[in-house]
Protein chains: 2
Amino acid sequence: MPSAIPHSTLPAYEQIKSYIKKQISEGHWLPGDAVPSESALQKKFGLSRMTVNRAVKELAVEGVVTRVRGSGTVVAQLHQISSTLQVRDIREEVLERGHTPGARVLLVEKVKADKALAQIFEVRSSSTLFHSVIVHLENGIPIQLEDRYVNPQSAPHYLEQDFMVMTPTRYLIDHAPVTQASYTISAAPATRAQAQELAMGEGDACLLMTRTTISGQSVASHARLLYPGTRYRFHGLFAL
Amino acid sequence: MPSAIPHSTLPAYEQIKSYIKKQISEGHWLPGDAVPSESALQKKFGLSRMTVNRAVKELAVEGVVTRVRGSGTVVAQLHQISSTLQVRDIREEVLERGHTPGARVLLVEKVKADKALAQIFEVRSSSTLFHSVIVHLENGIPIQLEDRYVNPQSAPHYLEQDFMVMTPTRYLIDHAPVTQASYTISAAPATRAQAQELAMGEGDACLLMTRTTISGQSVASHARLLYPGTRYRFHGLFAL
DNA sequence: CAGTGGTCTAGACCACCGA
DNA sequence: CGGTGGTCTAGACCACTGG
C-alpha cells in the first residue's frame, strides 16, 4: 500500500512538522527538552522512517530543533529570531509595490583604484575600475543613493549600459554570476551632497548598506547604498 | 549494493550539489537555463532518484534553482543575496566576541497602554503593560538602548528580574516561547536623552530595530532597539 | 501523451553517543 | 552494547506541465 498521500491534505511530513511545532509553541516541550526519536514518531504516525526523518531534518534546518547524531533531538535552545533578509534589486522592489521606479544617473566614469579600493578588489593600486553613482526614485522620490565600483574584468561593458532602465544590480546579476556576497548594515549621517540628492537635511540619519560581491575568483563589485532613514526600512519576519 | 558512501568523502547528494553550483558559478549555466532533470542526473551519477531529489530540492530551498512540477528545474533568476540575519541576544553576542557585557537599568515600571500600544498588543486601552528601559554595554561602552514593553499575560514575573545579569530577550526566550516575530530596521536621529545614554551627540544617526514577538496567541513583547550608528552594524554573508 | 518533480515505502549500512 | 540520527536504494503512485 504505497503512497499514503491522503489527497487534498497536507503531506505527511508537514503534519509531523506541525505536530512538533504545536507542542513547542503551546509550551508542552520547552527548549532543551527531548523530541521523540524517529523510531518513536514512526510508530506514532505509522509512517516510514524516511518520511519522519524528512520532517525532523527540516525543522533542524529551520532552527526549531537541534539534532545530535547518536544522542537525539532536542528543542532548540535559542529560538533565534533569524529570517532571511532579502536583498533585492531596488527597481524590482519598487515595481512589486506597484509604484513607479526611476533613476538619475549622476556619474559614470573610469577611475584608478586608490589604496582602499585596491584592497577591496584585490588588485594593484591604480588599476582601472568602473564607477557609477545613481539615485533611485520611487514615485519620483529619492529612496537610494547607489555609489558603486565595478571590476572591469567581471563586467567589461558595464559603463555602456543605460542605468535608467537597467539597474547596476540587475546588470551584474545577469552578467557576473554571484558566488559570494557580504554586506553590513549600519547608520550614517548624510553629507551635504548626499542630503541634497536624497532630498533630506545635512546630517540626517541614513541607513547605509555596504555590499561586496564576488563572482568566480574575483571581487566583482563594491557598493555603498544609502537610504533616507525616514523613508526606507528593511523588514523581516520569523514564524515557527 | 546499498549505501554507496565512499567513506571519508562528501555525501553523494553534496557532490551533486557541488556539481550544479560549480556549473552555475563558472557561468556554464546562466539564470533561466535548464538544470538536468532528476532522471538525467540519476543516470549521470549512478544514484537513486531520492538522493538526486534531495540534492536539487536543497538547492531550491537555498534559492539557487527554481523548480516547477511538471515543467522542470532552472537556474534561479535572481540570485537573491539573502542570508539569515541573526537577531540574537545582545549579551550573548558580546560574550561571543570575547568582550565584557554590561547593563544599566534606567527604568522598570508598570504602565497603562496608550492607544498605539494597545493596538500593537491587541489589548484594550489602559490595560496594564510592563515597561523597561535598559542600556547595554560592551566593555563599558553603550551599544544598545532597549526600550521594551511586555504583555503581563505572557510573562507575569517580568518586572522581578535582575536585568543586570539576565537580559529581557533571554528571559522572554525562556519564559514565553516565541512563535512569530517581525522586525524592521531603519535609521533615526538620537533624541537628546537617547544621545546622552548612548554617549553620542544629539541628532546623530542611529540604527533602529523595532521588534514585535508573538507567543502562542498573544503579542508578548514590543521592543525598540537603538544602536549608535558608528559603533554597531548588522552583518550578513551569502555564499552559493 | 510522455516527462517532470513531489511524495512515500520498507528495507539497509554506517558513525556516533551514552551507559 | 543498544539507540540515535545520516545516508542511501529501488522501487512506487501522484499531480502537474507541455506539446
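Every chain is numbered from 1 and lettered A, B, ... according to where its sequence line falls, protein lines coming before strand lines.
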Note to self: At 4.0 Å (heavy atoms only), tell me whether Arg49(A) reaches a base, stays on the sugar-phosphate, or touches nothing.
What the structure shows: base
Less than 4.0 angstrom between a side-chain N/O of [X] and OP1 or OP2 of [N], yes or no?
X        : N       : result
Ser37(B) : dG3(C)  : no
Thr73(B) : dT4(C)  : no
Thr51(A) : dT7(C)  : no
Ser48(A) : dA10(C) : no

Rounded off to whole Å, could you give me the [atom1]-to-[atom2] distance for the [X] and [N] pair?
X        : N       : atom1 : atom2 : value
Phe45(B) : dT7(D)  : CZ    : P     : 17 Å
Leu47(B) : dG11(D) : CG    : P     : 15 Å
Glu58(A) : dG6(C)  : CD    : P     : 12 Å
Met50(B) : dA10(C) : CE    : P     : 13 Å
Asn53(A) : dC14(C) : CG    : P     : 18 Å
Lys43(B) : dG3(C)  : NZ    : C1'   : 11 Å
Lys57(B) : dT4(C)  : NZ    : P     : 19 Å
Gln42(B) : dC8(D)  : CD    : P     : 14 Å

Check: So which one's nearest nucleotide on DNA chain C is more toward 5', Ser39(B) or Tyr13(A)?
Finding: Ser39(B)
Check: When you match Val68(B) and Glu14(A) each to their closest nucleotide on DNA chain C, which lands nearer the 5' end?
Finding: Val68(B)
Check: Between Thr73(B) and Arg67(B), is any side-chain donor less than 3.5 angstrom from a side-chain acceptor?
Finding: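 Judged by distance alone, the side chains do pair up.
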Next item on the list: Please tell me which of the listed nucleotides, dT7(C), dG11(C), dG6(C), lies nearest to the side chain of Arg54(A)?
Entry: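 Of the options given, the side chain of Arg54(A) lies nearest dT7(C).
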Checklist line | Nearest to side-chain heavy atoms of Arg69(A), which nucleotide of dA10(C), dG6(D), dC8(C) | finding: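 Minimum distance to the Arg69(A) side chain belongs to dG6(D).
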Check: Salt bridge between Arg211(A) and Glu146(A), side-chain N to carboxylate O under 4.0 Å?
Finding: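 A salt bridge is absent here (no side-chain N lies under 4.0 Å from a carboxylate O).
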Could you go through residues 154-164 of chain A and list every donor-acceptor pair under 3.5 Å that involves a side-chain atom there, pairing it with any protein atom two or more places apart or in another chain?
residue: Tyr158(A); atom: OH; partner: Ser132(A); partner atom: OG; Å: 2.8
residue: Gln161(A); atom: NE2; partner: His157(A); partner atom: O; Å: 2.9
residue: Asp162(A); atom: OD1; partner: Met164(A); partner atom: N; Å: 3.0

Sequence neighbours excluded and cut-off under 3.5 Å, please list the side-chain donor-acceptor pairs for residues 214-223 of chain A, or say none.
residue: Ser215(A); atom: OG; partner: Pro177(A); partner atom: O; Å: 2.8
residue: Ser221(A); atom: OG; partner: Arg148(A); partner atom: NH1; Å: 2.7
residue: Ser221(A); atom: OG; partner: Tyr149(A); partner atom: O; Å: 3.2
residue: His222(A); atom: ND1; partner: Thr212(A); partner atom: OG1; Å: 2.8

Margin query: Using modelled atom types and a 3.5 Å cut-off, is there a donor and acceptor pairing between side-chain atoms of Asp33(B) and backbone atoms of Leu30(B)?
Written below: yes
